[in-house]
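Below, read A as the first sequence line, B as the second, and so on, with proteins coming before strands; counting in each chain starts at 1.
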2 protein chains.
Amino acid sequence: MATIRDVAKLAGVSVATVSRVLNQNGYVNEDTEKRVRKAIEQLNYKPNEVARTLFKKTSKTIGLIVPDISNPFFPELVRAVEDVMNIYDYTVILCNSDEKNEKEKQYIEVLKQKYVDGIILTTTELAMEEVLELDVPVVILDRPSMPAFPSVVADNYGGARLATRHLYDIGCRKIAHIQGPPHVVNAMQRFSGYRDEMQSLGLWDENLIIQGNYQLKQAKEATLQALKEYQVDGIFAGNDAMAVGALKAVQQLGLRVPEDVAIIGYDGIPLTEMTTPELSTISQPIYEMGAIAARILVKQIEGKPLEQIHYMLPVELIERQSTRREKR
Amino acid sequence: MATIRDVAKLAGVSVATVSRVLNQNGYVNEDTEKRVRKAIEQLNYKPNEVARTLFKKTSKTIGLIVPDISNPFFPELVRAVEDVMNIYDYTVILCNSDEKNEKEKQYIEVLKQKYVDGIILTTTELAMEEVLELDVPVVILDRPSMPAFPSVVADNYGGARLATRHLYDIGCRKIAHIQGPPHVVNAMQRFSGYRDEMQSLGLWDENLIIQGNYQLKQAKEATLQALKEYQVDGIFAGNDAMAVGALKAVQQLGLRVPEDVAIIGYDGIPLTEMTTPELSTISQPIYEMGAIAARILVKQIEGKPLEQIHYMLPVELIERQSTRREKR
DNA sequence: CTGAAAGCGCTAACAA
DNA sequence: TTGTTAGCGCTTTCAG
């Protein structure tokens, strides 16, 4: 590995001069510049990023903390972040927190020690103070929590009302909701949307709430249980995985989807097109959420003003077979 | 951010001494050590990783290059790598190559400049030379290609034979194969397994080969086409996504799965449990593959000998509804 | 057992 | 326009 000294020696100039041409910074004679560039070429010299980082305290690296990349909601989000950061020559360190406060803190510590230029955080668990005392730019993604930071989220409340209303529109009157984990903010927002819509339709009934934890399996069991005790003709699941669980439960009981029970999920992950029947869902602009988060992080890093601090992206009803009935 | 100088000053010792207690390296008087530790505590001092990296040329960071994290095969693999590296205090930089040589080269360049301690590579496209002249440890994951490097792969050939044989065992005689992209080594190995098994069963027929590209959509179209032209009673898809495509095609033609056409996929991603009927598949130990790759990378980094260079992990037949018929 | 000093590879004043 | 110099924060000889 050639260093800047080697280049300087070969070109017959000082390292300062080489640094100047490297960073297009300060004046340098045209001829000298040519010589330097030739030397760089010859030695195939690439500046050492670590040394640069040590001096400039900026690493062209960001940290991305997600609960669990193997949860099918996150890969697309991560991909979007990576794509955009890549454009701006940033590299991303991926961290899986499992929503554990302990792991998050640890990661943040490590990231700081590595001089990351910013952090994108997808989590709710993190105690405010921890993040507040961070001296790097932060963007909160997907799970709204701290108004103090820029954030990118989707319209969970509105989406939930939309889903509930859709089930109503196709004729459902006993609409159950499989709820996500209570400590996850977006799950609670979806619940609120469901509740408000049900109340305004005059259909609200506490017995229609099914406890889920965003996992297929648990949702299936809970739905099985619920369906035995209570009659329902529509299910709005808090995410797509749970919608699949509900689908399996309904089918296992010998009921038809959508004729006997209509089902709609939430998130719009690719999986929803793979079931039979295909699942209706509220689709979030996952890729766009990640991309915007990345872009506003870069803006912050570059010290540019954000024209908007909190992004709430619209969601969209995707109507598929699992809710396709005659409208009344 | 406190530096080692601050600690030294507060403890009334030289930085060298502080460094010694930090790295348990060299002798230091017990009392002195106590004073130093107290100072560290008081200032909440954390050594600056970047400075350390510059000096030691080791960053406690590795690069992980995958084709595309949003392809459902990779999240679990990535998760495994992250989990294991985390245990050894390494951090992972995630890179999506899209199997593009250009992007891979670029990433490798960047990773080298950041002094990563090692690279895990999931790709076939990379020209040998590029990687060969890397001076950091490398592990090839999932896609066998270069015997020069340690690798972790699954038994693609054996798995394909197993799948084909399974379809035969449940009574299929016209067994089609949806092939993965020709430039992907593991797709070709699976094809070989299929071909050899079919030949040894005396069922080989070139017309039964369907061209796929590992994508659901394309596989569905191709299968639709194939089914119209040729009668088949079993389909072995080169991966699970294509198996879903095949499933959709078969269902669209009004045929029953598994009665008319049995289907088996490959990979064993969670998705296979979510379809109706649930898909039989050849399950690869995805998490384990990632974990082993990470472990042997660490071993290499630490300069320890590998007891084995090439790992070929066994696969497993998972029998689900899509092939559940009476055996004959 | 401890400190002084050199240097990892780069950048940024400050002079010249 | 260019070179000299002093660090960024850490580790490691080498003396003492």
Side-chain angles (χ1 to χ4, degrees), chain A residues 1-37 39-40 43-61 89 109-117 135-136, chain B residues 1-37 39-40 43-61 89 109-117 135-136:
Chain A
M1 269 289 179
T3 76
I4 195 170
R5 288 174 101 106
D6 301 329
V7 176
K9 198 170 293 174
L10 182 61
V13 297
S14 72
V15 293
T17 302
V18 178
S19 174
R20 281 195 269 264
V21 345
L22 239 46
N23 303 291
Q24 341 249 48
N25 143 24
Y27 301 89
V28 36
N29 176 18
E30 234 178 73
D31 275 9
T32 322
E33 176 163 353
K34 253 181 216 154
R35 282 215 314 287
V36 170
R37 291 208 181 283
I40 290 178
L43 296 172
N44 185 22
Y45 166 72
K46 306 265 191 272
N48 178 323
E49 273 304 322
V50 179
R52 196 175 253 175
T53 297
L54 181 59
F55 188 90
K56 311 243 283 191
K57 287 165 175 28
T58 153
S59 58
K60 282 288 180 183
T61 301
D89 292 324
E109 209 49 67
V110 173
L111 293 174
K112 276 166 71 174
Q113 263 154 255
K114 290 195 192 278
Y115 279 166
V116 295
D117 297 335
D135 39 2
V136 293
Chain B
M1 270 289 178
T3 75
I4 194 170
R5 290 173 100 106
D6 302 329
V7 176
K9 198 170 294 176
L10 181 61
V13 297
S14 71
V15 295
T17 302
V18 178
S19 174
R20 282 189 197 107
V21 346
L22 239 43
N23 303 290
Q24 344 248 48
N25 143 23
Y27 302 89
V28 36
N29 175 18
E30 232 176 76
D31 276 8
T32 322
E33 177 164 351
K34 253 181 216 155
R35 281 215 315 286
V36 170
R37 292 209 178 282
I40 290 178
L43 295 172
N44 186 23
Y45 165 72
K46 306 263 192 273
N48 178 325
E49 273 304 322
V50 178
R52 195 174 254 174
T53 297
L54 180 59
F55 189 91
K56 311 243 283 189
K57 287 163 176 28
T58 153
S59 58
K60 283 289 180 183
T61 301
D89 292 323
E109 209 49 66
V110 173
L111 292 175
K112 274 165 73 173
Q113 264 155 253
K114 291 194 191 275
Y115 279 165
V116 295
D117 298 335
D135 40 1
V136 293

Requested in this report: Take the C1' atoms of the five end pairs on each side of the helix from C:dC1-D:dG16 to C:dA16-D:dT1, get both axes, and report the angle to 10 degrees.
Outcome: 50°

Query raised in the report: Please give, in whole Å, the distance from D:dG9 P to B:Tyr45 OH?
Result: 10 Å

**Report entry** DNA chain C: 5'-proximal contact among A:Arg20 and A:Ala2 (nearest heavy atom)
**Finding:** A:Ala2

Query raised in the report: How is A:Thr53 classified with respect to the nucleic acid when contacts are heavy atoms under 4.0 Å: base, sugar-phosphate, or nothing?
Result: nothing

Requested in this report: Assign A:Val50 to base, sugar-phosphate, or nothing according to its heavy-atom contacts below 4.0 angstrom with the strands shown.
Outcome: nothing

Query raised in the report: Closest heavy-atom contact between A:Ala11 and A:Val36?
Result: CB-CA, 4.0 Å

Requested in this report: Indicate, with a heavy-atom threshold strictly under 4.0 Å, whether B:Thr3 touches base, sugar-phosphate, or nothing.
Outcome: sugar-phosphate

Requested in this report: Can you tell me the distance, in whole Å, between the CE atom of B:Met1 and the P atom of D:dC8?
Outcome: 16 Å

Query raised in the report: Please give, in whole Å, the distance from C:dA4 P to B:Lys9 NZ?
Result: 13 Å

**Report entry** Exercise: do B:Lys114 and A:Thr61 side chains pair donor with acceptor under 3.5 Å
**Finding:** yes

**Report entry** 4.5 Å side-chain heavy-atom contact, B:Asp117 and B:Val136
**Finding:** no

Query raised in the report: Quick one: is D:dT12 close enough that its OP1 or OP2 comes under 4.0 Å of any side-chain N or O from B:Ser19?
Result: no

Query - Rounded distance in Å - NZ (A:Lys56) to P (C:dG9) - result: 19 Å

Query raised in the report: Rounded to the nearest 0.5 Å, how far does OH of A:Tyr45 lie from CG of A:Leu22?
Result: 5.0 Å

Query raised in the report: Rounded to whole angstroms, how far apart are CD on B:Gln113 and P on C:dG9?
Result: 14 Å

Query raised in the report: Are OP1 or OP2 of D:dT12 and a side-chain N or O of B:Asn25 less than 4.0 angstrom apart?
Result: yes

Query raised in the report: In Å and rounded to the nearest 0.5 Å, what is the CZ to CD distance from A:Arg20 to A:Glu33?
Result: 12.0 Å

Query - Exam field: side chain B:Thr53 to backbone B:Glu49, donor-acceptor pair closer than 3.5 Å - result: yes

Query - Toward the 5' end of DNA chain C, by each residue's nearest nucleotide, B:Tyr115 or B:Tyr27 - result: B:Tyr27

Query raised in the report: Within less than 4.0 Å of OP1 or OP2 of D:dG9, is there a side-chain N or O belonging to A:Lys57?
Result: yes

